[in-house]
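Both backbone and side-chain heavy atoms feed into the values below; hydrogens, waters and symmetry mates do not.
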Amino acid sequence: MGIIAWILIGLLAGLIAKALMPGRDPGGIIITILIGIAGGLLGGWLGKVILGVDSIDGFFDLSTWVAAVIGSMIILGLYRLVAGGRHRHA
């Protein structure tokens, strides 16, 4: 897949992960895309290591999207733990 496809999957997977994990997030659309892209890579790697499947087959494959969303949820949870602990005082 090309870089544009990864950015699109990242955006959508990040948005889906945020929808499935409600709450305030310390980040905007760029952070959402980065979390989604990293989540897609993490999900694909975990699918290969744990299940022994190639979960990043193509843009329209369900396994690609499931892996990307699950990976995004994992990274979003970790991001909330790290960045959410920093409170801004006004």
Side-chain angles (χ1 to χ4, degrees):
M1 288 190 301
I3 188 71
I4 301 297
W6 276 109
I7 291 171
L8 184 58
I9 288 175
L11 172 63
L12 296 174
L15 290 173
I16 292 169
K18 279 190 174 189
L20 293 174
M21 298 175 64
R24 292 187 59 90
D25 291 316
I29 193 73
I30 300 297
I31 298 298
T32 300
I33 292 171
L34 294 175
I35 286 173
I37 292 170
L41 295 172
L42 175 66
W45 180 77
L46 287 175
K48 187 169 277 202
V49 169
I50 294 172
L51 303 174
V53 297
D54 188 17
S55 55
I56 307 288
D57 290 329
F59 187 81
F60 293 107
D61 287 338
L62 180 62
S63 62
T64 299
W65 290 92
V66 169
V69 170
I70 290 173
S72 295
M73 290 175 69
I74 292 169
I75 292 184
L76 178 59
L78 293 172
Y79 180 70
R80 284 181 179 177
L81 285 175
V82 172
R86 299 181 209 150
H87 297 288
R88 286 191 257 176
H89 299 287

Nearest atoms (heavy-atom pairs only) where G14 meets S72: N-OG, 4.2 Å
Point-to-point distance, once rounded to the nearest 0.5 Å, from CG of L11 to CD1 of I35: 12.0 Å
Please give me the minimum heavy-atom distance between L76 and M21, naming the atom from each residue. CD2-SD, 4.1 Å
Just to verify, what does I74 make a side chain to side chain contact (heavy atoms under 4.5 Å, CB included) with, not counting sequence neighbours? L42, L46, I70, L78
